[in-house]
Number of protein chains: 2
Amino acid sequence: DHYIICGIGRVGSNVAHELSATGRRCVILDEAMQNIDNYLDKHPEQLFLHGDATDNDLLIAAGIHRAKGVFAVAADDSKNLVISLSAKQLNPTVRVVARCHDVKNVEKTRRAGADEIVSPDFTGGLRLVSAMVRPQVVSFLDEMLKSDDNLRMEEITIPSALSGKPLAVLYHGNKDCVVLAVKHLGHWQFNPPAQHPVQGGDVLMVMTTPQGRSRVEELLAGVSND
Amino acid sequence: DHYIICGIGRVGSNVAHELSATGRRCVILDEAMQNIDNYLDKHPEQLFLHGDATDNDLLIAAGIHRAKGVFAVAADDSKNLVISLSAKQLNPTVRVVARCHDVKNVEKTRRAGADEIVSPDFTGGLRLVSAMVRPQVVSFLDEMLKSDDNLRMEEITIPSALSGKPLAVLYHGNKDCVVLAVKHLGHWQFNPPAQHPVQGGDVLMVMTTPQGRSRVEELLAGVSND
Ligand SMILES: [Ca+2]
Ligand SMILES: [Ca+2]
């Protein structure tokens, strides 16, 4: 249940730091010892392997067969595509998130097996524009993504036993849990009314406290046990 | 009321593209004609100036005195700091958003005058981690930032005439407007109750349709006219 980070440049370092800060174990891989050393300077206890992450043997040494996820965040898009392909071949259940510099490589990398693609240059561009024209929205979203405060966005998947029931069943009287949207068959419906019927597999996006979340989880566990 | 983009590399290109796509005028500046040509290939109608954006004369030629905002998105952090400083000296009311590669340059760039700093490598790292451990939240936030659908996040600033009134005054019966949070003196309070008293200058973060937004704006305009 660890994560493998392929490439420990500037983006990879931020990934490793965030995983460590949130109590998740990871191993870092890079063929440039200089990149590894730069990271070790600030995080001397970090597990690492020196070598080429497109090499199956290195991924196996990094524990790909029991890993929870692989970050393909090397500097080169082609390399990230090959890493995605190799990781999925060695362990089809591992989750792969890849970085693309160039948006024209996104589709190809997805076909190679990456579950999610992130393009920091593209996201960064959108974010710069938002910081210019909608600064408060950006500040709000930052707060929502930070995990250091009491209230944040969480996702809840509806068990099939609740199919057809209204949303109110789940969060009626639960003031610590606001349902922002429901995702049904890949489409987000925002601000659903209390009588909205949910279906098994629907995903609720809620804004909640840890207590509010616990109450919903207890409720869901109760339903599944019936 | 135009924007000046200093640096038209990968991030700057995404900024220019997003501004154009949302109907905002901009001029691009770069000292490398190759970067400008790459952008012009896809956007032949784009206004540009070839030269060094740290040079006051070039900023003046780009209309800094009547510009709405400056993006300091050159490849080099020092250059972005100098651009921020120059832009603010030439026009103290212009909004400056700067890019930093290295988070250690953030504070210095802010002191030089940048209103907001974005670090794509840092943001990209956080986003990669979210895509791994909270994929639905990322998909939801993407939807919230996209401007092509009916419902999205908007910010509303409370006029001083409403100080002390409960939130309910603003959105009671307005089903198209959900208040997610209130920012008071720099601090976000999430999920405020209907009786929460607002103060002049508070910012509401709402999820709303264009119609819902119009109703709130009419209400605010009515208050200011009293
Ligand atoms: Ca938060
Ligand atoms: Ca939207």
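Scope of the values below: all heavy atoms of this structure, side chains included, with no hydrogens, waters or symmetry mates. Proteins get letters first, then strands, A, B, ... in listed order; numbering begins at 1 in each. What you are looking at is a predicted structure, and each value in this text was computed from that prediction instead of being measured.
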Within 6.0 Å of CG in A:D41, more than 12 heavy atoms from elsewhere:
yes

* To do: Evaluate whether atom CZ of A:F122 has more than 12 neighbouring non-hydrogen atoms of other residues, nucleotides or ligands under 6.0 angstrom away.
  => no

Applying a strict 4.5 Å limit to non-hydrogen atoms, the region of A:V97 in contact with chain B is both

So, the part of A:A98 with a heavy atom under 4.5 Å from chain B: the answer is backbone

**Asked** Do A:M132 and B:E116 have side chains that get closer than 4.5 Å, going by heavy atoms?
**Response** no

What one should report as the nearest heavy-atom pair of A:L128 and B:V118 is CD2-CB, 3.7 Å

- prompt: Between the side chain of A:R10 and the main-chain N/O of B:G125, is any donor-acceptor distance below 3.5 Å?
  reply: no

_If we ignore hydrogens and angles and just use 3.5 Å, is the side chain of B:D121 paired with the main-chain N or O of A:N14 as donor and acceptor?_
no

Contact list (residues 100-107 of chain A to chain B, heavy-atom gap under 4.5 Å, by number) returns A:H101

Heaviest contributor of heavy-atom pairs below 4.5 Å to chain B, chosen from A:G124, A:A16, A:P120, A:A131, is A:A131

Ranking A:H17, A:K68, A:K183 by heavy-atom pairs under 4.5 Å to chain B gives rank one to A:K183

Under 4.5 Å to a heavy atom of chain A? For B:V11 that would be both

